[in-house]
Protein chains: 2
Amino acid sequence: MGASKTSEYTKKEIELAKYAKAISHPARIAILNFLIKKKSCICGDIVDELPISQSTVSQHLKELKASGLIKGNIDGVSVCYCIDEKEWKKANVLLGGFFEKIIINKSVCC
Amino acid sequence: MGASKTSEYTKKEIELAKYAKAISHPARIAILNFLIKKKSCICGDIVDELPISQSTVSQHLKELKASGLIKGNIDGVSVCYCIDEKEWKKANVLLGGFFEKIIINKSVCC
DNA sequence: CATATTAATCGTAATATTACGATTAATATT
DNA sequence: AATATTAATCGTAATATTACGATTAATATG
């Protein structure tokens, strides 16, 4: 048995978990930071920047693309990745809303 | 091979990934939402609330505790869990800072 | 056309995660 | 003291993740 029981939860919970999962690995955070720093997308330079192999970077990029946080445009031989700002904002709003709940609804115990 | 190459990344990247991982499963988000809603900590009622077994809930609680986002106080037979507000704020600041970068440093491409 | 570069994918392996039932240790209740 | 309740842990199993090298398909360059 085991492994993901995605249904039975609310859409918000599932979406929030999806975005959180996308940034739940240091390599993916490093990739996103790199994409933000170098505004002009950048393609395979990510591999030079990170301490992991090309195939592993490619996998992380695939996951980030699947989450929606980034998109990739083919540009000749190379691929140009960049933040998908619309999705990024959605993630920001969802995560922000989640973490601000505790400030509004102060927990009084323990 | 495989599995975690945690070093070689910055402390911030690793910490951010840690918090993100903590909330990367709908069950854990549901648990946190429940703990926030019911201010008075609550103990085993989480099991009744969620569509997963007691042992699985216990595992998720263990992970949440490991991340620091919650703490658990023994209260007789039962255990009282609640948000660790200090850690929660730290996570909020880290995540908030991360997602706001793109707003300041607008990406122009693709 | 031959060769180089780029990035995805495949195959493989190690490890982590998710989940459950069963057991256990602890405190409460009868 | 016997029994019930609570929540952690153990054992087990399925699946997912992380990682790498090798291969592949594509475009670019000589």
Side-chain angles (χ1 to χ4, degrees), chain A residues 1-9 13-14 17-32 34-35 41-67 70-82 110, chain B residues 1-9 13-14 17-32 34-35 41-67 70-82 110:
Chain A
M1 273 165 226
S4 52
K5 228 184 182 183
T6 155
S7 55
E8 317 243 31
Y9 296 103
E13 283 162 353
I14 294 165
K18 185 193 73 175
Y19 288 128
K21 192 165 202 172
I23 59 166
S24 73
H25 193 286
R28 288 196 289 274
I29 290 177
I31 288 172
L32 292 171
F34 188 68
L35 288 179
C41 289
I42 317 300
C43 35
D45 320 62
I46 303 164
V47 177
D48 300 323
E49 192 74 4
L50 293 185
I52 43 178
S53 74
Q54 183 267 317
S55 55
T56 306
V57 169
S58 192
Q59 254 182 107
H60 283 305
L61 285 168
K62 194 179 158 191
E63 257 184 89
L64 284 171
K65 249 198 290 184
S67 81
I70 67 166
K71 46 187 175 173
N73 285 22
I74 296 162
D75 177 29
V77 198
S78 51
V79 176
C80 177
Y81 290 103
C82 60
C110 292
Chain B
M1 273 162 228
S4 51
K5 228 184 183 183
T6 157
S7 54
E8 315 245 28
Y9 296 103
E13 282 161 354
I14 293 166
K18 185 193 74 175
Y19 289 128
K21 192 165 203 173
I23 59 166
S24 74
H25 193 287
R28 289 196 288 274
I29 289 176
I31 288 173
L32 292 171
F34 188 68
L35 288 179
C41 287
I42 318 300
C43 34
D45 320 60
I46 303 164
V47 177
D48 301 323
E49 192 74 4
L50 293 184
I52 44 177
S53 76
Q54 183 267 318
S55 55
T56 307
V57 169
S58 191
Q59 254 182 107
H60 283 304
L61 285 168
K62 193 178 158 192
E63 257 185 88
L64 284 172
K65 249 197 294 184
S67 82
I70 68 166
K71 46 188 175 172
N73 285 21
I74 296 162
D75 177 29
V77 199
S78 51
V79 176
C80 178
Y81 290 103
C82 62
C110 292

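Quick note on labels: first sequence line is chain A, next is B, and so on, each numbered from 1.
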Spell out, as yes or no, whether a donor-acceptor pair under 3.5 Å connects the side chain of A:Ser24 to the backbone of A:Lys21. yes
Reckon B:Thr56 has a side-chain N or O less than 4.0 Å from the OP1 or OP2 of C:dC20? yes
Identify whether any heavy atom of A:Ser58 sits under 4.0 Å from a base atom; if not, whether one sits that close to sugar-phosphate; answer base, sugar-phosphate or nothing. base
Distance check needed: C:dA28 C1' versus B:Ile74 CD1, whole Å only. 16 Å
Using purine N1 to pyrimidine N3 plus N6-O4 or O6-N4 for Watson-Crick, or N1-O2 and O6-N3 for G-U wobble, both under 3.5 Å, which nucleotide pairs with C:dA19? D:dT12
I need the NZ-C1' distance between A:Lys71 and C:dA7, as an integer number of Å. 20 Å
Is there side-chain contact between A:Asp45 and A:Phe34, with at least one heavy-atom pair below 4.5 Å? yes
B:His25 atom NE2 is separated from C:dA19 atom P, nearest whole Å, by 4 Å
Figure out the NZ/C1' separation between A:Lys18 and D:dA16, and round it to whole Å. 18 Å
Between atom SG of A:Cys80 and atom CD1 of A:Ile74, what is the distance when rounded to the nearest 0.5 Å? 11.0 Å
Short side-chain donor-acceptor distance under 3.5 Å, A:Ser53 and A:Thr56: yes
Could you tell me how far apart B:Lys62 (NZ) and C:dA19 (C1') are, to the nearest whole angstrom? 14 Å
Any side-chain N or O of B:Lys21 below 4.0 angstrom from OP1/OP2 of C:dA16? no
Partner of C:dA25 under the Watson-Crick or G-U wobble criteria, both distances under 3.5 Å, comes out as D:dT6
Distance, rounded to the nearest Å, where A:Leu50 contributes CG and C:dA7 contributes C1': 15 Å
What is the distance, rounded to the nearest whole Å, between atom CG of B:Asp48 and atom C1' of D:dT6? 12 Å
When you measure from the side-chain N and O atoms of A:His60 to the phosphate of D:dA19, is any distance below 4.0 Å, counting only OP1 and OP2? yes
Result for 5'-nearest mapping on DNA chain D, choosing between A:Gly76 and A:Gln59, is A:Gln59
Side chain of B:Gln54: nearest nucleotide among C:dT6, C:dC20, C:dA22? C:dA22
Report yes if a side-chain nitrogen or oxygen of B:Ser53 is closer than 4.0 Å to either non-bridging phosphate oxygen (OP1 or OP2) of C:dC20; otherwise report no. yes
Does D:dA1 have a Watson-Crick or wobble mate here (both distances under 3.5 Å), and if so which one? C:dT30
Do any N or O atoms from the side chain of A:Arg28 and from the backbone of A:His60 form a donor-acceptor pair under 3.5 angstrom? no
